[in-house]
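What follows is a single structure, written as structure tokens, with notes after it.
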Number of protein chains: 2
Amino acid sequence: MAGVGIGTVSRVINNHPSVRAETRARVQQAMEHLGYAPNPHARRVAGGRSYTVSVLLPFVATEFYTRLIEGLEATLSEERYDLALFPLITPKRLERYLRSNTLAYQTDGLIVASYDLTEHFVGGQFPTDRPVVLVDARNPNYDSVFMDNFLGGKLAAEYLARFPGELFFITVEEDIDRIFSHTVFAERRAGFQQGAALAGRTVNPDQIFNTRLSAEGGRLALQSFLRHYKLPFNIFAGADLIALGVLEEVERLGLKLGHDVRLLGFDGQPWTAQHGLSTLAQPVEAMGARAAGLLLERLQNRRAEARQVRFEPHLIERASTLGAQVIESR
Amino acid sequence: MAGVGIGTVSRVINNHPSVRAETRARVQQAMEHLGYAPNPHARRVAGGRSYTVSVLLPFVATEFYTRLIEGLEATLSEERYDLALFPLITPKRLERYLRSNTLAYQTDGLIVASYDLTEHFVGGQFPTDRPVVLVDARNPNYDSVFMDNFLGGKLAAEYLARFPGELFFITVEEDIDRIFSHTVFAERRAGFQQGAALAGRTVNPDQIFNTRLSAEGGRLALQSFLRHYKLPFNIFAGADLIALGVLEEVERLGLKLGHDVRLLGFDGQPWTAQHGLSTLAQPVEAMGARAAGLLLERLQNRRAEARQVRFEPHLIERASTLGAQVIESR
DNA sequence: CTGAAAGCGCTTACAG
DNA sequence: CTGAAAGCGCTTACAG
């Protein structure tokens with residue numbers, strides 16, 4: 001249809017430089033018109049690349065992963081890469097992804113989210129020769145993009161310590177998927193405790209409530225704090241989802257948000273704005289984009305030194321810590 | 001290594017009948033020895049089949065899906081099929097899975113879990129010519145394997161109505177992933193209400209508690225019931241996970257399980273046994289296996305009429321409804 | 001800059 | 001029953 005040989009079509013598809021602009025345009029028009037898209041299996045058989053990247057991620061359906069995937073995809077799709085998602089459901093399945101030559105794993109590279117899975121393999125290396133990038137996790141041997149969760153907890157404590165009233169922390173100790181271990185909540189907790197100590201504040205064990213990652217857990221936490229302490233409260237919820245439950249319970253009990261209870265979340269979910277929830281925002285999409293970028297670079301240059309990219313959370317102040325009036329007058 | 005041509009190796013791999021048993025064994029030995037596994041991309045390019053099946057499933061990490069996947073995989077792997085999991089995160093992504101010819105979607109068939117997604121497409125048909133099987137969902141135009149959730153709710157009410165005290169139901173109205181709608185909880189609720197009515201029992205609105213799918217939601221539900229009603233309670237939790245929270249709260253409050261509070265879950269999760277939780281068990285693995293079987297058959301015979309396979313939940317009685325003593329004396 | 005040819009790792013008639 | 005050959009839909013030197 002474009003009046004060219006299939007080799008030229010292939011060059012257009014693969015962005016080969018030596019194609020005349022006019023020819024390239026003609027071929028692209030024809031592809032558009034015909035709704036043609038190349039067969040990725042054939043591309044892999046012929047060229048050794050499938051233009052697909054695997055993302056191994058925990059089997060937990062939080063907005064964090066939705067946002068992370070968006071970030072990954074935005075960057076990868078610019079280079080015409082597709083991503084295939086592989087929820088890590090059992091260790092057996094991890095083994096399968098890595099060792100078998102299942103279609104599933106026949107991709108060009110690997111992005112591993114939230115786990116440093118190297119501990120599962122002898123020698124601390126992934127049993128693969130494909131490039132691997134960690135995101136929301138870190139390992140010195142691999143490109144890593146991670147959040148400084150300790151700093152997040154510390155910032156939370158320092159910020160909340162400026163207000164009158166006791167400090168509280170709601171955390172999640174249980175492994176989110178009961179299979180692979182993760183450390184983000186423990187890091188936030190350690191940071192929180194150090195921040196509180198630096199501010200000269202004590203945090204008793206019953207000021208720390210451990211629950212599961214659910215809004216209802218936040219409601220139970222507030223109930224528990226109320227049984228043992230007097231208002232006002234300064235609560236750092238280890239996740240926005242948990243903070244949402246605190247908000248619900250504050251409302252149900254008729255307490256005054258930003259006064260009786262000052263509340264700080266963690267994550268910076270898009271919906272926190274509507275709820276007036278102060279939060280330590282993680283630039284999740286940016287982290288995903290960066291991880292995708294590292295993988296793309298690594299695909300070009302396999303030998304470069306592993307890079308460690310640290311992100312910091314940033315404080316977003318809203319009514320849940322400042323009170324409604326303060327916000328209005330800004 | 002086996003002293004045969006590559007064509008014969010291929011015949012062995014594909015279970016072609018006309019290979020001598022002795023030759024087959026020799027080839028298999030060689031494959032074993034070399035750790036050889038065929039390249040699925042090449043298989044698809046050459047033979048049109050990739051021996052991979054896509055599973056589209058909600059992005060919710062419940063044990064239901066873990067078990068479902070196990071059931072699917074057990075059956076598919078017998079026929080040397082692999083499965084590729086595709087969490088349905090956004091409608092955009094659904095579109096992508098179906099329309100693009102991404103590697104992701106270049107599989108031999110489609111298993112769709114928990115949603116009748118046909119509503120998203122004009123004509124009520126999936127835009128694909130590959131076989132499609134629904135599981136935990138139903139549509140007359142496609143092979144479907146589903147649970148009779150209405151019956152489940154009805155059985156629950158009939159069973160609990162035999163005990164003294166009010167009837168309660170804990171449900172989840174919000175869509176589990178906020179994106180695609182599902183109906184299982186509404187069906188259980190409708191069945192529960194009919195069962196209660198048939199048993200001559202009334203269920204007031206405040207005897208039904210709506211929460212999210214979390215253990216903590218069960219704890220809040222029990223708190224709510226206690227504010228409005230007197231013990232003893234007969235509670236049907238729409239999911240075992242929610243029942244777990246009721247158990248936790250019963251213990252925290254020092255109530256007597258199986259007496260003050262009789263509790264029935266739904267799902268039949270493996271861990272319910274340890275907790276003495278009575279439950280309406282869904283044979284999830286069997287449903288998965290059946291769905292996989294239907295797909296395998298459909299791969300052979302594309303024209304056969306769509307089959308509808310209905311599963312029923314079955315009651316498992318334990319201490320949470322019978323009390324500890326009764327169990328002991330059995 | 002572009003076409004024609006070889007080749008990627010398989011499957012499957014076609015002979016024998 | 002089995003080997004040799006053609007072909008699947010691409011990519012990529014190799015010529016021109």
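On a predicted model such as this, the values are computed, not experimentally measured, just so you know. Naming: A, B, ... by sequence-line order, numbering from 1 per chain.
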Gap between atoms CZ and P, on A/R43 and C/dG9 respectively (whole Å): 18 Å
Secondary-structure string, 5' to 3', Watson-Crick or G-U under 3.5 Å, | for another-strand partners, for DNA chain D: |||.||||||||.|||
Residues that A/F64 engages under ring pair (Phe, Tyr, Trp, His ring centres under 6.0 Å), provided they are two or more places apart: none
For A/P270, side-chain contact (heavy atoms from CB on, under 4.5 Å) partners two or more places apart: A/E63, A/R67
Could you pull out every donor-acceptor pair under 3.5 Å between side chains of residues 293-300 of chain B and any protein atom, sequence neighbours left out?
{"from": "B/E297", "atom 1": "OE1", "to": "B/R307", "atom 2": "NH1", "distance (Å)": "3.0"}
{"from": "B/E297", "atom 1": "OE1", "to": "B/R307", "atom 2": "NH2", "distance (Å)": "2.8"}
{"from": "B/R298", "atom 1": "NE", "to": "B/D143", "atom 2": "OD2", "distance (Å)": "2.8"}
{"from": "B/R298", "atom 1": "NH1", "to": "B/R302", "atom 2": "O", "distance (Å)": "3.2"}
{"from": "B/R298", "atom 1": "NH1", "to": "B/A304", "atom 2": "O", "distance (Å)": "2.7"}
{"from": "B/R298", "atom 1": "NH2", "to": "B/D143", "atom 2": "OD1", "distance (Å)": "2.9"}
{"from": "B/R298", "atom 1": "NH2", "to": "B/D143", "atom 2": "OD2", "distance (Å)": "3.1"}
{"from": "B/R298", "atom 1": "NH2", "to": "B/A304", "atom 2": "O", "distance (Å)": "3.3"}
{"from": "B/R298", "atom 1": "NH2", "to": "B/E305", "atom 2": "O", "distance (Å)": "3.2"}

Residue list, side-chain contact (heavy atoms from CB on, under 4.5 Å) with A/A291, at least two apart or on another chain: A/L72, A/V133, A/V135, A/V145
Sugar-phosphate only, base, or nothing, as touched by A/V4 at under 4.0 Å among non-hydrogen atoms: sugar-phosphate
B/R43 CZ to B/R49 CZ distance, which is reported to the nearest 0.5 Å: 8.0 Å
Between OH on residue B/Y142 and CG on residue B/L134, distance to nearest 0.5 Å: 8.0 Å
Give each protein N/O atom lying under 3.5 Å from an N/O atom of nucleotides 6-8 of chain C, with the pair distance.
{"from": "C/dC8", "atom 1": "O2", "to": "A/V45", "atom 2": "O", "distance (Å)": "3.3"}
{"from": "C/dC8", "atom 1": "O2", "to": "A/A46", "atom 2": "N", "distance (Å)": "3.2"}

Set of residues satisfying ring pair (Phe, Tyr, Trp, His ring centres under 6.0 Å) with respect to A/Y81, sequence neighbours excluded: A/Y51
Nearest-0.5 Å distance that lies between atom CD in B/Q308 and atom CG in B/N141: 9.0 Å
Reference residue A/Q28; test side chain to side chain contact (heavy atoms under 4.5 Å, CB included); the match among A/V9, A/V12, A/T23, A/I13: A/V12
Contacts of B/E312 that satisfy side-chain contact (heavy atoms from CB on, under 4.5 Å) - sequence neighbours left out: B/L151, B/R310
Quick one: which protein N/O atoms are closer than 3.5 Å to N/O atoms of nucleotides 13-16 of chain C? Pair and distance per line, please.
{"from": "C/dA13", "atom 1": "N6", "to": "B/R11", "atom 2": "NH2", "distance (Å)": "2.8"}

Distance-only donor-acceptor check, side chains A/T52 and A/D82, under 3.5 Å: no
Residues touching DNA chain C, which here means a heavy atom under 4.0 Å, drawn from residues 12-30 of chain B: B/N14
Which residues share a side chain to side chain donor-acceptor pair (under 3.5 Å) with B/H16, sequence neighbours left out: B/S18
For A/E22, salt bridge (charged side-chain N to carboxylate O under 4.0 Å, His left out) partners two or more places apart: A/R26
Atom pair distance, as rounded to whole Å: CG in A/N39 and P in D/dG9: 8 Å
Sugar-phosphate only, base, or nothing, as touched by B/Y36 at under 4.0 Å among non-hydrogen atoms: sugar-phosphate
OP1 or OP2 of D/dG3 under 4.0 Å from side-chain N/O of B/T8: yes
